[in-house]
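Below is one structure, written out as C-alpha cells; comments come after it.
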Amino acid sequence: MIRLATPDVDDTDIAAVVAVLRCGTLVQATRVREFERRAAAVIGAAEAVAVSNCTSALQLALLAIGVGPGDRVAVPSFSWPATANVVVLCGAEPVFVDIERETNGMDPDALEAAFATHDRIKAVLPVHAFGAMARMSAITTLAARHGAFVIEDAACALGAEREGRGAGTWGGIGCFSFHPRKAVTTGEGGVAVTADAAIARRIRALRNHGLDPDSATPEFIAPGYNMRLTEFQAALGLTQLAKLDRILEHRRRLARRYTELLAGAPVVTPAEPPGVRHVFQSYVVLLPCDLAPRRASLIATLRGRGVETTIGTHHLPLTTYFRQRYRYRPGDFPVTDDVFSRALTLPLHTGLAESDQVTVAEALRAAL
Ligand SMILES: Cc1ncc(COP(=O)(O)O)c(C=O)c1O
C-alpha cells in the first residue's frame with residue numbers, strides 16, 4: 001500500500017528519544033526549553049510555548065486572551081474540527097466564515113460580512129489549510145479595524161510564507177502541530193508562538209496546572225491544565241526540526257512532480273500563487289463536480305489498487321454537532337460545500353519514491 005503519510009523518523013531521532021528514556025527525566029525540563037528556543041527561531045517568533053498538541057495550543061491561546069462566555073470567534077467553515085471545538089470549549093460561540101478557492105482559507109470578504117452581521121467577535125482564527133497560507137494581510141487589517149485579536153491556526157503550515165512573512169507570525173498568537181501527519185513530528189505535540197511576553201507567560205501557566213512560570217517558589221496563579229510536552233517528545237522535536245528545511249524542500253519537489261504527472265487529467269491541482277510558499281502538508285486535488293457524489297467509491301477503488309487517499313478536511317457547519325446546534329444547511333457556505341465535496345488528498349511523504357508517484361497518478365487517472 002502506498003501510504004498517505006508516514007513520519008520521517010530515522011536512527012538519529014530514535015537515539016535522541018532513547019537517550020532521554022535512559023536518563024530518567026521524562027517530564028518538561030531542559031529539552032522542552034531547548035525545543036521551544038529552536039521552534040521560536042525556526043518560526044521567527046520571540047516566544048514559543050510547547051504543549052501537548054495544537055488543539056491545546058489553540059485552546060490556551062483563546063483562554064490567554066480572555067475569550068469566554070458571551071464572546072464570538074470567527075473561524076473558517078473548512079478545517080479540522082479542533083479549530084471550532086476549542087471555541088466552544090472556552091464557552092464562546094464560533095462564527096463560521098466561508099473559504100476562498102485560491103487558498104482554501106478564510107475569505108476576507110466573507111469575514112467582512114461576518115463582522116457586519118455579528119457583534120462581539122473578540123478573535124479571528126484563520127487556518128492555513130493544507131500548508132498554504134490564508135490571505136493574512138487582508139484578514140489582519142479587517143480584524144484590527146474591528147478590534148479583534150488574531151490567532152493563526154498554523155497546525156499544517158510550519159515553514160509556510162506569504163509576502164516573505166512566516167505562518168504564525170502575522171497574528172498575536174500562532175499555533176502549530178507536531179502530529180505524525182505533519183512535516184515534522186513529536187508523536188503528539190504543539191507550540192504556541194507569540195511576540196507578547198505576558199501572553200506567553202499566561203499560556204505557560206495554563207499548560208502547567210496554573211503554576212507561575214517566573215516564581216522561584218510554587219505559586220498557583222490560575223486554574224490550569226496539564227498540557228505539557230514530555231522530554232522525550234522534545235528530544236524528538238529537536239532532531240526533527242534539524243531536518244525541517246530538507247523535508248520541506250523534499251515535499252515541495254514531490255508536489256511539483258504530482259502537478260506534472262497530473263497535467264491534462266480532469267482534476268484541479270493545488271496552486272502556489274506568487275508570493276506564497278506552500279509547504280504541502282497535504283497535496284489536495286479537486287475532482288470534477290460530477291464525480292463528487294462518488295468520491296467514497298473512488299477512494300475505495302484507489303485503495304484496491306494499493307493507493308491510500310482521503311478527503312481534504314471537514315465541512316465544520318455540517319458536522320453533526322454544529323449542524324444540529326445551529327441548523328446549518330447546504331448552501332449556507334457555498335464555496336466550502338463545493339471544495340469539501342470534491343477534495344481528494346494524495347499520498348505525500350519523504351518515503352515516497354518516484355515510481356510511487358507514477359503509480360498514484362496512473363491509478364487516479366484510471367479511476368477517474
Ligand atoms: C487545521 C488544524 N487545526 C488543528 C489541528 C489539531 O492539531 P493536533 O492534532 O496537534 O491537536 C489540526 C490537526 O490536524 C489541523 O489540521
Side-chain angles (χ1 to χ4, degrees), residues 4-7 35 39 43 48-63 73-90 94 96-97 99 103-106 123-134 136 139 150-160 167-168 170-171 173-193 203 206-207 225-230 233-234 236-237 240-241 251 270 278-284 310-317 319 322 336 339-340 343 345 348-349:
L4 193 62
T6 51
F35 176 62
I43 294 162
V49 185
V51 287
S52 46
N53 51 61
C54 184
T55 308
S56 310
L58 290 165
Q59 188 173 353
L60 298 190
L62 290 168
L63 292 173
V73 177
V75 301
S77 42
F78 189 50
S79 185
W80 181 249
T83 310
N85 287 347
V86 289
V87 175
V88 178
L89 292 171
C90 289
F96 290 108
V97 176
I99 59 164
T103 62
N104 292 313
M106 184 180 270
V124 180
L125 214 173
V127 174
H128 304 314
F130 310 136
M133 286 188 60
M136 289 307 292
I139 291 169
V150 176
I151 297 172
E152 292 172 70
D153 182 341
C156 304
L158 184 63
W170 289 75
I173 307 174
C175 300
F176 293 83
S177 173
F178 296 99
H179 179 274
R181 262 197 70 184
K182 309 302 185 270
V184 292
T185 186
T186 55
E188 297 273 7
V191 291
V193 300
I203 298 176
L206 287 168
R207 74 158 169 196
Y225 296 89
N226 179 352
M227 292 179 171
R228 296 182 302 231
L229 196 72
T230 66
Q233 287 175 302
L236 177 58
Q240 289 272 301
L241 280 182
R251 296 178 76 94
H278 193 323
V279 289
F280 294 100
Q281 184 268 332
S282 293
Y283 186 92
V284 179
T310 189
I311 66 167
T313 190
H314 295 271
H315 190 316
L316 298 182
T319 55
F322 291 110
T336 301
V339 172
F340 167 70
T345 306
L348 196 143
H349 52 87

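Whatever order the structure lists ligands and atoms in, that order sets their numbers, starting from 1.
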For V127, the ligand 1 atoms with a heavy-atom partner under 4.0 Å come out as 1 (C)
Counting heavy atoms under 4.0 Å, the part of T313 that contacts ligand 1 is neither
Flag S79 as yes when one of its N or O atoms lies below 3.5 Å from any N or O atom of ligand 1, and as no otherwise.
no
Heavy atoms, side chains only, cut-off 4.5 Å: are F96 and P317 in contact?
yes
Ranked by distance from atom 3 (N) of ligand 1, the top protein heavy atom is D153 OD2, 2.7 Å
Checking heavy-atom distances from atom 5 (C) of ligand 1 to each of W80, F130, F178, F78, the winner is W80
Per-atom filter on ligand 1: closer than 4.0 angstrom to a heavy atom of T83 are 3 (N)
NZ of K182 to CG of L158, rounded to nearest 0.5 Å, is 11.5 Å
H314 and T319 have their tightest heavy-atom pair at CB-CG2, 4.5 Å
Side chains of W170 and V150: closer than 4.5 Å at any heavy-atom pair?
-> no
Note: ligand 1 atoms sitting under 4.0 Å from heavy atoms of S177 are 7 (O), 8 (P), 10 (O)
Taking only non-hydrogen atoms of C156 and a 4.0 Å limit, the atoms of ligand 1 in range are 16 (O)
Side chains of L63 and C90: closer than 4.5 Å at any heavy-atom pair? yes
heavy-atom search around atom 6 (C) of ligand 1 in the protein gives T55 OG1, 3.4 Å
| Check: T185 main-chain N/O paired with Q240 side-chain donor or acceptor under 3.5 Å | yes
query = Going by atom types only, do E188 and H179 share a side-chain donor-acceptor pair under 3.5 Å?
reply = no
Fill in: Exercise: do R207 and S52 side chains pair donor with acceptor under 3.5 Å
no
Restricting to heavy atoms, the pick from A84, A155, A157 nearest atom 2 (C) of ligand 1 would be A155
Heavy-atom proximity to atom 14 (O) of ligand 1, picking from K182, E188, R181, points to K182
heavy-atom search around atom 7 (O) of ligand 1 in the protein gives C54 CB, 3.3 Å
